[in-house]
Amino acid sequence: MQAASRESYAAVAERLDAYAQTAEPSAIADTADGILAVADLLRREARLRRALSDPARSGEERAGLLGSLLAGKVNSDASELLTALVTGRWSAPSELLTGTERLGVEALLASADRADDLGEVEDELFRFGQVVGGDTGLSNALSDPIAPVAQRTELVRTLLSGKAKPSTIRLAEVALAGFGGRSFSNGLTRLVELAADRRDRQVAYVTVAAPLGEEEERRLSAKLTEIYGREVTVKQTVDPHVLGGLSVQVGADLYDGTILRRLTETRNALTKR
């Protein structure tokens, strides 16, 4: 987002956090659903996006337009937060969509946090991403842009029902809809990171040939926490193809100490001679 959009979003995000401190988890989840329903509408309706972010219209005009669309369709808390969004300044219609979608996600995460489920939701999203990534047929079915979203959503619900928290299932549905313009797998990854961020943690994606033991994982997490000055959560992916060693990615930082990398570098060096 550009500066004006970031400021508008940040102001409403603060209001969400203040509301979530005292509201019941179920009420926050209902608010999230209302916000995400509007995000879906904005995704489909380009003209509406333009109208609700049009700087030539006053904030009151935009709020009135939104109010006429939402009357009786979302709860009062969702309506107030959405009204605050559209009365802000947005650098582009697409950024209003991004802000609305992000606000709905943050409301879902806040709901899980209030229910003391946020850490579990974070882990469930990551594990689901691993399951999908390890099954080509399932990955293709969930990522197929031609298949209706409703059909893919039903598949996700079938896979996760009774096995994951309701917030996890709803967030997976958000990823299916193309959260932030991302692919399904990248959307899941971003949601894991947002869940960790809400717990004031950073995520380290660790790829190993064989699973790290609990003590090894604890030591790695402690070392990364020392380096980054913030608690780091380790998410392991086991890939026998790396042969040995480990690869660690934290944000844009990649530390690749795998045997595969060393062999590749050696082979490349030999072919240049």
Side-chain angles (χ1 to χ4, degrees), residues 1 6 9-10 13-14 16-18 20-21 25 28 32 102-103 105-134 164-165 167-168 170-172 174-175 179-180 182-262 264-265:
M1 292 185 193
R6 286 199 304 271
Y9 176 79
E14 286 184 8
L16 169 65
D17 288 342
Q21 287 177 6
I28 304 172
R102 173 71 181 270
L103 190 71
V105 164
E106 290 292 352
L108 277 174
L109 295 174
S111 171
D113 198 11
R114 283 283 290 163
D116 292 325
D117 290 338
L118 188 53
E120 194 168 351
V121 167
E122 179 188 324
D123 287 339
E124 288 174 348
L125 286 169
F126 176 71
R127 290 197 299 269
F128 185 52
Q130 284 193 305
V131 168
V132 173
K165 299 290 183 182
S167 294
T168 302
R170 188 69 183 91
L171 287 164
V174 171
F179 176 52
R182 299 173 179 86
S183 67
F184 177 58
S185 61
N186 289 339
L188 282 178
T189 297
R190 181 58 179 148
L191 291 169
V192 169
E193 292 166 354
L194 289 175
D197 188 63
R198 194 165 192 90
R199 298 197 301 140
D200 197 26
R201 288 166 166 80
Q202 199 156 355
V203 178
Y205 298 100
V206 179
T207 304
V208 289
L212 296 176
E214 288 185 12
E215 180 59 24
E216 291 176 304
E217 183 175 317
R218 187 197 65 76
R219 288 200 303 269
L220 177 59
S221 177
K223 183 62 178 177
L224 292 170
T225 296
E226 179 184 333
I227 293 171
Y228 286 93
R230 187 184 190 193
E231 189 168 346
V232 175
T233 300
V234 172
K235 304 294 186 187
Q236 291 189 55
T237 297
V238 177
D239 182 1
H241 292 96
V242 303
L243 303 177
L246 74 166
S247 169
V248 180
Q249 181 152 10
V250 182
D253 299 335
L254 175 63
Y255 309 92
D256 192 344
T258 62
I259 292 175
L260 177 62
R261 179 191 64 81
R262 296 170 194 164
T264 300
E265 288 180 348

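This structure is a prediction, so every number in the text was calculated from the model and none was measured.
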- [ ] Please examine the side chains of Leu109 and Leu171, heavy atoms only from C-beta on, and report whether any two atoms are closer than 4.5 Å.
- [x] yes
Task: Shortest non-hydrogen contact between Leu16 and Ala107, atoms and distance - done: CD2-N, 3.7 Å
TODO: Return the set of residues passing side chain to side chain donor-acceptor pair (under 3.5 Å) with Lys165 (not counting sequence neighbours), or none when no residue passes.
DONE: none
Task: Distance in Å, Asp200 CG paired with Arg230 CZ, rounded so as to fall on 0.5 Å steps - done: 5.0 Å
Task: Set of residues satisfying side chain to side chain donor-acceptor pair (under 3.5 Å) with respect to Glu217, sequence neighbours excluded - done: Gln236
- [ ] Would you kindly check if the NZ (Lys) or CZ (Arg) of Arg182 is within the cone defined by 45 degrees around the ring axis of Phe179 and under 6.0 Å from the six-membered ring centre?
- [x] yes
- [ ] Take Val203 and Phe126, measure what side-chain contact (heavy atoms from CB on, under 4.5 Å) needs, and give me the verdict at the end.
- [x] CA-CA 11 Å; Val203 178; Phe126 176 71; over 6 Å; no
TODO: Output yes when a side-chain donor or acceptor of Arg114 lies under 3.5 Å from a complementary backbone atom of Pro25, and no otherwise.
DONE: no
Task: Test side-chain contact (heavy atoms from CB on, under 4.5 Å) applied to Leu220 and Leu246, step by step - done: CA-CA 11 Å; Leu220 177 59; Leu246 74 166; 4.0 Å; yes
Task: Nearest-0.5 Å distance, CG of residue Leu212 to OG of residue Ser221 - done: 11.0 Å
TODO: Would you name the heavy atoms of Ala175 and Leu191 that are closest together and state the gap between them?
DONE: CB-CD1, 4.0 Å
- [ ] Using a 4.5 Å cut-off on heavy atoms from C-beta on, say whether the side chain of Thr168 contacts that of Phe128.
- [x] no
Open item on the list: Taking Gly213's backbone N and O only, do any of them form a donor-acceptor pair with Glu216's side chain (distance below 3.5 Å, no angle check)?
Closed with: yes
TODO: Check whether any side-chain heavy atom of Ile227 lies under 4.5 Å from a side-chain heavy atom of Val232, and answer yes or no.
DONE: no
TODO: Only counting residues at least two apart or in another chain, list the ones meeting side-chain contact (heavy atoms from CB on, under 4.5 Å) with Ser185.
DONE: Ser183
- [ ] Could you pull out all residues at least two apart from Arg198 that satisfy side chain to side chain donor-acceptor pair (under 3.5 Å)?
- [x] Asp17, Glu106
Task: Taking every non-hydrogen atom, the tightest pair across Leu125 and Ala172 - done: CD2-N, 4.2 Å
Open item on the list: According to side-chain contact (heavy atoms from CB on, under 4.5 Å), who are the partners of Thr233, at least two apart in sequence or on a separate chain?
Closed with: Glu122, Arg199, Arg201, Lys235
Task: Residue pairs involving residues 204-215 (criterion side chain to side chain donor-acceptor pair (under 3.5 Å); sequence neighbours excluded) - done: Glu193-Tyr205, Glu215-Arg218
- [ ] To the nearest 0.5 angstrom, please state how far the CG atom of Leu108 sits from the CG atom of Leu118.
- [x] 11.0 Å
- [ ] Find the distance between OG1 (Thr189) and CG (Leu194) and round it off to the nearest 0.5 Å.
- [x] 11.0 Å
Open item on the list: Is any side-chain heavy atom of Val208 closer than 4.5 Å to one of Val238?
Closed with: yes
Open item on the list: Counting C-beta onward and ignoring hydrogens, is there a side-chain heavy-atom pair between Gln130 and Thr237 closer than 4.5 Å?
Closed with: yes
Open item on the list: Can you confirm whether Arg127 sits close enough to Val131 that some side-chain heavy atom of one is under 4.5 Å from a side-chain heavy atom of the other?
Closed with: no
